[in-house]
There are 2 protein chains.
Amino acid sequence: MPIFLPKEPSRKEMLMTAVLYALSDEIRLGIVRQLAAKGEQACGVFEVDRPKSSLSHHFRVLRESGVVSTRKDGKTLLNTLRSEDLEKRFPGLLKAVLKG
Amino acid sequence: MPIFLPKEPSRKEMLMTAVLYALSDEIRLGIVRQLAAKGEQACGVFEVDRPKSSLSHHFRVLRESGVVSTRKDGKTLLNTLRSEDLEKRFPGLLKAVLKG
DNA sequence: ACCATAGTTCGATTTTATTCGAACTATACC
DNA sequence: GGTATAGTTCGAATAAAATCGAACTATGGT
């Protein structure tokens, strides 16, 4: 089977509850904060006390909710925060979450 | 056993992840929206397609995270959104959630 | 071709949440 | 005291999430 990155929802498809749920976990929130601080990052750079299969699960939750976008770049997957989409869809939300 | 309303966290004790989690459920988010729109409300006025034991569970999650405060008034429990505490602790968050 | 690296997917297990009925507490009213 | 109302608590069942190792895909380098 080929690798399928789960389809990322369009801006309009983003659900408030799904976004809040994705952000309601310490690990995922940590990832989001780091993406906000450092910009595009590969999955592997996150120092999380979990095996990569677990990390991969958390990235999937972030992607499926629309919080993070992922693109392939050679051997690695580069993740970005969908700040602009989030801001358009849920104005002020991401900023408030990142502040806290 | 006496009825214990779970202790509501102080402003400082509120956790971002717990608040986001509490808000990440359609039923609870509906309750929060209605409280925001109509102010203090008894548990019973919410028209939710769930038995009262389930509703009670959702109110508990809202209370324990700090989103809602509950006071007794005779026979009923009156719930309020802790808007001010939330705004102080997580500026902009509640407003952004209610907009979406 | 071979090996290493990056990350996903699968499958099984464990943990955590939700759900609901039934029993309970507390208050109000007659 | 008895009855009704409001909502909680308990306990058990179900559902959903998280966790992790092992197998896998894809790419890059030698």
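In what follows, every chain begins at residue 1, and chains take the letters A, B, ... in the order their sequences are listed. Basis for what follows: all heavy atoms, side chains included, without hydrogens, waters or symmetry-related copies.
- Checked against C/dT8, D/dC20, D/dG7, the side chain of B/Leu77 finds its nearest nucleotide in D/dG7.
- Here C/dT18 presents its P atom at 14 Å from CG of B/Leu29, a figure rounded to the nearest Å.
- As rounded to whole Å, 12 Å separates atom C1' of D/dA6 from atom CG of B/Asn79.
- Although no hydrogens or angles enter the test, the distance criterion places a donor-acceptor pair under 3.5 Å between the side chain of A/Ser65 and the main chain of A/Val61.
- Shown here are the side chain to side chain donor-acceptor pair (under 3.5 Å) partners of B/Glu87, two or more places apart in sequence or in another chain: there are none.
- The aromatic rings of B/Phe46 and B/Phe59 sit perpendicular to each other, their planes meeting at more than 60°, with 30° as the lower class boundary.
- At least one side-chain nitrogen or oxygen of A/Lys72 sits closer than 4.0 Å to the OP1 or OP2 atom of D/dT27.
- Nucleotide D/dA18 holds its P atom 12 Å from the CD1 atom of A/Ile31, rounded to whole Å.
- In this structure, the nucleotide among C/dT8, D/dT8, D/dT5 sitting nearest to the side chain of B/Lys75 is D/dT5.
- For D/dT8, the OP1/OP2 oxygens have a side-chain nitrogen or oxygen of B/Arg63 closer than 4.0 Å.
- The shortest distance between the side-chain N/O atoms of A/Arg28 and the OP1/OP2 oxygens of D/dA18 is below 4.0 Å.
- B/Thr76 comes within 4.0 angstrom of sugar-phosphate atoms only, judged by non-hydrogen atoms across all strands, and of no base.
- Taking only side-chain nitrogens and oxygens, B/Arg50 never comes nearer than 4.0 Å to OP1 or OP2 of C/dT18.
- When the side-chain nitrogen and oxygen atoms of A/Tyr21 are compared with OP1 and OP2 of D/dA18, one or more of them lie within a distance under 4.0 Å.
- One atom, CZ of A/Phe46, and another, P of C/dT8, lie 11 Å apart when rounded to the nearest Å.
- Residue A/His57 places no side-chain N or O under 4.0 Å from the OP1 or OP2 atom of D/dC20.
- Nearer the 5' end of DNA chain D, as judged by each residue's closest nucleotide, is the contact made by A/Asp25, out of A/Gly74 and A/Asp25.
- Taking only side-chain nitrogens and oxygens, B/Ser56 comes nearer than 4.0 Å to OP1 or OP2 of D/dT8.
- B/Arg63 and B/Thr70 form a side-chain donor-acceptor contact under 3.5 Å, judged by distance and modelled atom types alone.
- In this structure, A/Ser53 does not reach the D/dG21 phosphate: none of its side-chain N or O atoms is under 4.0 Å from OP1 or OP2.
- Dashed line: the shortest gap from a side-chain N or O of B/Arg60 to OP1 or OP2 of C/dA17 is not under 4.0 Å.
- For the pair A/Leu62 and A/Asn79, the minimum side-chain heavy-atom distance is 4.5 Å or more.
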